[in-house]
Amino acid sequence: MQNMELASYIEEAINGEVDVESLVERVEREVKEIQEGYECFITLANDIRQQVKNLEKTRKGKLFGVFVSVKDNICTKGLRTTAGSKILENYVPPFDATCVEKVKKEGGIIVGKTAMDEFGFGTFCVNTPFSIPKNPFDKSRSCGGSSGGAGCISRVANFPHVAIAESTGGSISCPACFCGVVGLTPTYGRVSRWGLIDYANSLDKIGCMGSCVKDVALLLEVIAGYDERDSTSLKTPVENYLHALKEVDEDSKIVERMRVGVPKEYFAEGVDEKISSKVWDAIKILESEGIPYEEISLPTTHYALPAYYIIAMAEASTNLAKYCGMRYGLHLRLEGNYDEYFSKVRAQGFGEEAKRRILLGTFARMAGYREAYYLKACKVRRKLVNEFKQAFSKFDALLAPTMPILPPKFEEIEKLTPAQAYAMDILTVAPNLAGVPMVSVPCGLVNGLPVGLHILGDHLQEKKILQLAYFFERVRKEKV
């Protein structure tokens, strides 16, 4: 059933050709086995059978009978939500995030909360006191971060599944690439952030991961849309993304008329030559199908990494200030003065990487340093946005490698300095800073490990990049 597209499965489930209730026992068993083998969840739902029974009364919805995993920084009513941090170890939300509400309304079944780096602080999904997911291609390697659990379960699930994930600087694209699945990060504001435990408010984006482009398009169609509870939510109508892919099946010239650019900075030093070669093979496949490309330059990319980390850490240090042991999360016995109590709670509740980012972010916001660091980073961000807008005035999409390296082994990650670990985000932080949509789609293997083709689009052009990704996915299958 893994190879069946969700749309086909849902149609059969609604018509009664598939008995969802009888499927539950197998899914529960498989989820537990997957957790034992790959550790991709922090918390498993214990009410799956009841969710299905409730659905059987209505037998309708765009996600009817689909099993959905949710990244653990997205609130789920009655289901523990830790954001991968000890400071929220026992937090059980009394409400659902907007995206979870929408999934349930359309018949989706929540199976559990997927593993992640603490508050999203990481590229390899190892910065957490909870589960550290193992790569489906090699268990000694990372799934990528921070949505590592979402990438892992999207690859290994042998049942109708799709994942809700979240990205701040590449946290959907990276694990999608490392786990060989499709990951879509939408335009900032395209999906409501209400119910998301923030990392950096101006950067966080809730998105989708799945085994194929159609599945991801379907989930986006469900969770996208305006939400009055989120001040950053965009009042833009939601397109029928599945229908957009059907249009490609009916007339491939829709994609063949597209023009694509290839930024030379995304193939610069630091990107594994074998990865570059595999991505160029993908670009040449599209060219052979009538989609021309042109090499371009996005020079501000060179400054994207430091700008991203200054902005993200500054916002993170502000967001995490509320975890002081008084109102949210971990609390200890009240003793000592306020500063002593506050420091003790945060010292016990936050991991090493969270503390590092709080300190760096607080420094960047301090009087005397704000203009030297934070405001300059914001200027770089504006320049990046302008460069992308200029490129998209000429091109429908930009193509690049998703990640500069293959999934590393855990023993290799342990040897990296923080600066070296941050440098792994070099290809994903620029589009995340600009808030443009992007999709990572598998484009082959190097040494038996997956490589991702990153397709970037202009703001609110999810339809275009999904059509191009779907076309590539289809053509590649024909050629393999």
Side-chain angles (χ1 to χ4, degrees), residues 38 40 69 71-73 84 114-128 132-138 141-155 163-186 199-200 203-210 216 266 270-272 275 278-279 301 304-305 308-309 312 353 400-410 412-413 416 418 420-433 436-443 446 449-456 469:
Y38 295 95
C40 50
S69 61
K71 187 174 179 178
D72 204 36
N73 59 346
T114 49
M116 60 177 289
D117 288 289
E118 183 176 13
F119 290 103
F121 300 156
T123 306
F124 304 115
C125 212
V126 295
N127 296 325
T128 177
I132 295 176
K134 301 176 179 66
N135 194 293
F137 288 80
D138 180 349
R141 297 177 183 270
S142 166
C143 286
S146 62
S147 308
C152 180
I153 185 65
S154 295
R155 179 72 193 188
I164 300 177
E166 178 274 335
S167 175
T168 305
S171 294
I172 292 175
S173 293
C174 171
C177 173
F178 281 1
C179 294
V181 297
V182 178
L184 173 73
T185 306
Y199 166 2
L203 291 162
D204 296 339
K205 297 164 285 291
I206 293 175
C208 324
M209 296 176 75
V216 163
Y266 287 67
V271 180
D272 189 309
I275 290 174
K278 188 63 67 174
V279 173
T301 299
L305 194 69
Y308 165 78
Y309 274 102
E353 184 60 31
T402 304
M403 291 298 291
I405 61 169
L406 296 170
K409 292 187 175 183
F410 293 115
E412 295 170 339
I413 295 169
L416 296 176
Q420 288 172 327
Y422 297 163
M424 299 305 167
D425 298 333
I426 186 63
L427 302 180
T428 57
V429 293
N432 274 275
L433 271 173
V436 299
M438 62 206 87
V439 58
S440 178
V441 59
C443 66
V446 170
L449 298 170
V451 174
L453 170 67
H454 218 199
I455 303 175
L456 317 180

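All residue numbers refer to positions in the sequence shown, counting from 1.
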For Thr402, the side chain to side chain donor-acceptor pair (under 3.5 Å) test, sequence neighbours excluded, returns Ser440
- request: Taking the side chain as every heavy atom from C-beta outward, state whether Cys125 and Ile132 have any atom pair closer than 4.5 Å.
  value: no
For Met424 and Thr123, the nearest pair of non-hydrogen atoms, with its separation, is CB-CG2, 4.1 Å
With sequence neighbours left out, the residues meeting side chain to side chain contact (heavy atoms under 4.5 Å, CB included) with Ile426 are Leu305, Pro404
- Apply side-chain hydrogen bond (donor to acceptor under 3.5 Å, both in side chains) to Asn432 and Thr185, showing your working. CA-CA 9 Å; Asn432 274 275; Thr185 306; 5.3 Å; no
Scanning both residues in full, the closest heavy-atom pair of Pro133 with Ala115 reads CD-CB, 3.8 Å
Requested in this report: Side-chain contact test, heavy atoms from C-beta onward, threshold under 4.5 Å: evaluate it for Pro408 versus Phe178 and give yes or no.
Outcome: yes
The side chain to side chain donor-acceptor pair (under 3.5 Å) partners of Ser147 (sequence neighbours excluded) come to Lys71
request  = Mark yes or no for whether Asp204, through its side chain, and Ser167, through its backbone, hold a donor-acceptor pair below 3.5 Å.
outcome  = no
Shortest non-hydrogen pair, Ser142 vs Ile413, comes out as CB-CD1, 3.6 Å
Salt bridge (Lys or Arg N to Asp or Glu O under 4.0 Å) filter on Asp138, not counting sequence neighbours, yields Arg141
Nearest heavy-atom contact between Gly207 and Pro186 is CA-CD, 3.7 Å
The salt bridge (Lys or Arg N to Asp or Glu O under 4.0 Å) partners of Lys134 (sequence neighbours excluded) come to Glu39
Side chains of Phe137 and Pro407 in contact at under 4.5 Å (non-hydrogen atoms) = no
Contacts of Tyr309 meeting ring pair (Phe, Tyr, Trp, His ring centres under 6.0 Å) (sequence neighbours excluded), chain-then-number -> Tyr422
So the salt bridge (charged side-chain N to carboxylate O under 4.0 Å, His left out) pairs with at least one residue in residues 172-182 (sequence neighbours excluded) are none
Kindly indicate whether the side chain of Asp272, heavy atoms from C-beta on, has any atom under 4.5 Å from the side chain of Ile405. no
Applying side chain to side chain donor-acceptor pair (under 3.5 Å) to Tyr266 and not counting sequence neighbours gives none
What one should report as the nearest heavy-atom pair of Thr128 and Gly84 is OG1-O, 3.1 Å
By ring pair (Phe, Tyr, Trp, His ring centres under 6.0 Å), Tyr199 pairs with (sequence neighbours left out) Phe121
By salt bridge (Lys or Arg N to Asp or Glu O under 4.0 Å), Glu118 pairs with (sequence neighbours left out) none
Sequence neighbours excluded, the answer for side chain to side chain donor-acceptor pair (under 3.5 Å) partners of Asn135 is none
The side chain to side chain contact (heavy atoms under 4.5 Å, CB included) partners of Cys208 (sequence neighbours excluded) come to Val216, Leu219, Leu220, Ile223
